[in-house]
2 protein chains.
Amino acid sequence: MPRLGGPTPVTLHDVAREAGVSLATASRAINGSDRKVKEEYRSRVLAAAAKLHYKPNRAAQAVARGSTLTVGLLVGDISDPYFSTIAAGVVNGAEQAGLIVTMAATERDTTRELDLVRAMTGQRPKVLIIAGSRFTDDPHREELVAELTDFEATGGRVVMISQAEMPFDTVLLDNRDGARRLAEELVALGYRRFAILTSQPTLLTSRDRLDGFLAGLAAHGLTVAPERIVETEFTRDGGYTAASRLAAEGLDDVELIFAVNDVMAVGALSALRESGLVPGTGIAVAGYDDIPTVRDVTPALSTVHIPLYDVGLRAIELATSPRDSAEPVHSTVQSTVVLRGSTPVRTLAPQPG
Amino acid sequence: MPRLGGPTPVTLHDVAREAGVSLATASRAINGSDRKVKEEYRSRVLAAAAKLHYKPNRAAQAVARGSTLTVGLLVGDISDPYFSTIAAGVVNGAEQAGLIVTMAATERDTTRELDLVRAMTGQRPKVLIIAGSRFTDDPHREELVAELTDFEATGGRVVMISQAEMPFDTVLLDNRDGARRLAEELVALGYRRFAILTSQPTLLTSRDRLDGFLAGLAAHGLTVAPERIVETEFTRDGGYTAASRLAAEGLDDVELIFAVNDVMAVGALSALRESGLVPGTGIAVAGYDDIPTVRDVTPALSTVHIPLYDVGLRAIELATSPRDSAEPVHSTVQSTVVLRGSTPVRTLAPQPG
DNA sequence: TTGAAAGCGTTACCAC
DNA sequence: GTGGTAACGCTTTCAA
């Protein structure tokens with residue numbers, strides 16, 4: 001009995017020899033080439049491949065074909081539910097399309113992002129997906145655009161997820177409009193006095209949501225005092241810290257705290273409770289994203305639902321669809337306001353004036 | 001031979017020509033070969049590479065070198081915080097080691113798992129990491145072992161995360177002991193009557209935690225009635241459904257519900273609250289894993305902390321360390337019981353009898 | 001030290 | 001249809 005699977009992997013050569021056909025025929029039989037192969041040879045090759053446990057060497061295929069079946073995915077933070085849900089969509093969508101996903105985390109650092117893009121393009125993926133908010137003050141923006149343009153020029157596809165701020169196809173999240181609609185719905189519930197937990201204004205996602213929310217309020221003649229707009233980290237702990245501070249300073253006149261994302265809102269919820277307030281009763285809270293967790297906090301969090309998994313799917317669709325226009329395509333994903341226990345209907349207090 | 005479809009990426013050839021040196025010299029100058037290159041040539045090559053925006057084609061390098069710098073990661077579900085936290089550790093650890101991670105999701109289906117392993121090994125990664133519970137009744141176990149053994153025989157490294165049930169290096173989670181310690185601590189708090197939310201007994205993680213918990217109780221002469229051990233899905237909704245059912249059937253004599261993982265416990269918390277119970281006051285709940293969310297549910301959930309991020313890191317360490325022994329290495333990760341508001345100290349009721 | 005040339009595992013072109 | 005045999009982009013002998 002010959003020893004199978006020796007120290008080096010079985011090659012197509014081995015399969016061809018075993019089947020008694022040429023390399024070329026073996027290749028045609030194994031991958032779905034359009035060329036026809038006589039059924040007898042075909043099955044002989046397949047049998048040999050199975051017997052030897054042959055596996056095509058993807059790297060070699062990539063070199064020979066001049067292209068890979070790989071998708072590069074860049075996210076801010078893999079363990080953040082926002083990104084991990086998008087990633088799940090990307091990975092599953094890619095698998096449907098016969099693609100394999102390689103993934104890296106930028107830690108929301110634009111220098112790292114640029115480095116990672118460079119590393120990823122070295123893999124010559126078919127597609128490069130970059131998920132995560134852009135920054136208004138990204139010092140590497142130009143280099144990044146150059147890098148990605150280069151990548152597209154040599155046959156790659158680029159898909160951004162978030163803002164349409166870069167000259168590439170993007171899955172557009174209507175952050176501004178979603179936040180505006182949320183604000184309007186909250187006003188309709190009777191809320192009039194707000195505080196906002198936001199992130200650095202250079203973070204576009206944060207800025208858009210803040211602007212949209214304020215616009216929604218403005219449509220009803222409402223404003224938020226600058227000292228009620230607290231800038232903090234874009235994380236759970238950021239929300240926690242900022243809400244603690246707000247509570248310590250006194251929140252008596254604030255009816256609702258809007259955090260520009262759910263993880264911040266969830267942190268805020270915990271902070272408020274620890275400060276002796278009762279979220280939902282004493283003070284309302286709303287977030288943005290609709291990550292899975294928010295159904296299970298108390299009270300359940302009102303938020304703006306983004307179909308994050310579908311966003312990942314959509315990115316793959318966009319990337320695998322023919323590129324007919326020279327202009328970047330923007331595919332907008334609809335978000336919907338979801339009202340839950342954290343923002344109960346509020347007895348309408350007469351408007352001052 | 002003109003390649004169809006537009007401009008092609010810059011190759012090492014182009015760089016060599018631009019620098020006026022041979023291909024070999026360019027190769028030596030650009031990658032950190034041990035061979036020496038005259039400083040003048042060296043800088044000329046580097047300058048040419050920079051000027052042309054040269055990026056080594058990783059696939060071609062892989063073919064030439066006969067090995068990649070890739071690690072394949074298989075998880076059950078990317079958007080599950082348990083896995084996404086592990087994945088974050090793997091990805092960052094890999095980056096430290098100069099490796100790139102490709103990722104896929106098994107959806108906890110052993111058939112899919114086998115398929116994905118086959119697909120992944122086709123990439124000839126340096127390492128294959130498989131995270132997620134094993135099953136006692138995996139019909140593909142043998143094939144999987146064969147596949148992975150083959151992979152190792154041809155130079156690959158395999159690392160499992162969870163049970164030491166497969167003949168490969170593994171990052172071992174002491175599920176049984178963690179659950180046992182949790183049970184003992186809960187008994188020390190005064191709890192005597194339990195219900196348990198578990199998953200299919202064929203899922204080893206679930207079974208080990210159940211066994212461990214029961215062992216911990218048994219050490220104090222306590223048992224759990226079979227009808228108080230509810231089998232459900234290993235997910236948030238599974239926990240929710242099972243707890244709803246328990247509550248509907250009447251839980252008056254139950255003091256604490258232990259769910260074999262946190263997402264189930266979190267679902268249970270919501271279900272109990274919706275059933276009119278007050279978790280932490282009316283009934284205690286405990287989980288397992290210590291996913292980030294559990295700090296922010298109400299009350300905060302008691303659980304067993306697993307350093308999931310470190311688990312991912314450890315897997316990479318294991319995979320990149322020299323393989324001195326012929327025996328599989330088992331690296332156990334310590335878990336610690338974390339008591340929070342969901343299991344308050346209980347006034348000791350005299351034991352019956 | 002350098003460069004020519006022989007691979008690495010596949011694909012695809014080109015005759016037969 | 002089939003089988004030689006050039007590529008593919010890079011690494012690594014092997015002479016010089």
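Computed from a predicted model, the values in this text were never measured in an experiment.
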Handout entry: Under-4.0 Å salt bridge between Arg112(A) and Asp115(A)
Key = no
Exercise for the section: Report the nucleotide, chosen from dT11(C), dG3(C), dT12(D), that has the shortest atom-to-atom distance to any side-chain atom of Ser22(B). Expected result: dG3(C)
Handout entry: Between P of dC8(D) and CD of Gln123(A), the distance in whole Å
Key = 22 Å
Fill in the blank from the handout: Angle separating the five-pair end axes of the helix from dT1(C)-dA16(D) to dC16(C)-dG1(D), nearest 10°, is 40°
Handout entry: Pairs meeting criterion side chain to side chain donor-acceptor pair (under 3.5 Å) with involvement of residues 120-131 of chain A, two or more places apart
Key = Thr102(A)-Gln123(A)
Handout entry: Contacts of Glu40(A) that satisfy salt bridge (charged side-chain N to carboxylate O under 4.0 Å, His left out) - sequence neighbours left out
Key = Arg44(A)
Handout entry: side-chain N/O Asn31(A) vs dT10(C) OP1/OP2, d < 4.0 Å
Key = no
Practice task
Whole angstrom is fine here: how far is it from CD1 in Ile30(A) over to P in dA12(C)?
Solution key: 14 Å
Practice task
When you get a sec, tell me which of dC10(D), dT2(C), dT11(C) is the closest nucleotide to the side chain of Gln61(B)?
Solution key: dC10(D)
Problem - Presence of Ser27(B) side-chain N/O under 4.0 Å of dT11(D) phosphate oxygens OP1/OP2 - result: yes
Exercise for the section: Report yes if some heavy atom in the side chain of Gln61(A) is under 4.5 Å from a heavy atom in the side chain of Ser27(A); otherwise report no. Expected result: no
Problem - His13(B) atom NE2, over 12 foreign heavy atoms within 6.0 Å - result: no
Exercise for the section: Measure from the side-chain heavy atoms of Val21(B) and tell me the nearest of dG3(C), dT10(C), dA12(C). Expected result: dG3(C)
Exercise for the section: Return the value, rounded to whole Å, for the distance between atom NZ of Lys38(B) and atom P of dG3(C). Expected result: 9 Å
Exercise for the section: By nearest nucleotide on DNA chain D, pick out whichever of Ala60(B) and Val37(A) is the more 5' one. Expected result: Val37(A)
Practice task
State whether Lys55(B) and Asp150(A) are salt-bridged, where the test is any N-O pair (Lys NZ or Arg NE/NH1/NH2 against Asp/Glu carboxylate O) under 4.0 Å.
Solution key: no
Practice task
Mind calculating the distance between CG (Asn57(B)) and P (dC8(C)) to the nearest angstrom?
Solution key: 18 Å
Practice task
Could you tell me the separation between the CG atom of Asp14(A) and the P atom of dG9(C), rounded to a whole number of Å?
Solution key: 9 Å
Handout entry: Rounded interatomic separation in angstrom, taking OH from Tyr41(A) and C1' from dG1(D)
Key = 9 Å
Completion exercise
Winner on side-chain proximity to Arg28(B), out of dT10(C), dT2(C), dG3(D), is dT2(C)
Completion exercise
Taken to the nearest whole Å, CZ/Arg124(A) to C1'/dG9(D) is 9 Å
Practice task
Supply the atom-to-atom distance Met103(A) CE to Ile129(A) CD1, rounded to the nearest 0.5 angstrom.
Solution key: 11.0 Å
Completion exercise
Against the side chain of Thr11(B), the closest entry in dG3(D), dC10(D), dG1(D) is dC10(D)
Practice task
Grab the NZ-P distance between Lys55(A) and dC8(C) for me, whole Å please.
Solution key: 21 Å
Exercise for the section: For Val63(B) and for Leu23(B), find the nucleotide of DNA chain C with the closest heavy atom, then tell me which residue's nucleotide is more 5'. Expected result: Leu23(B)
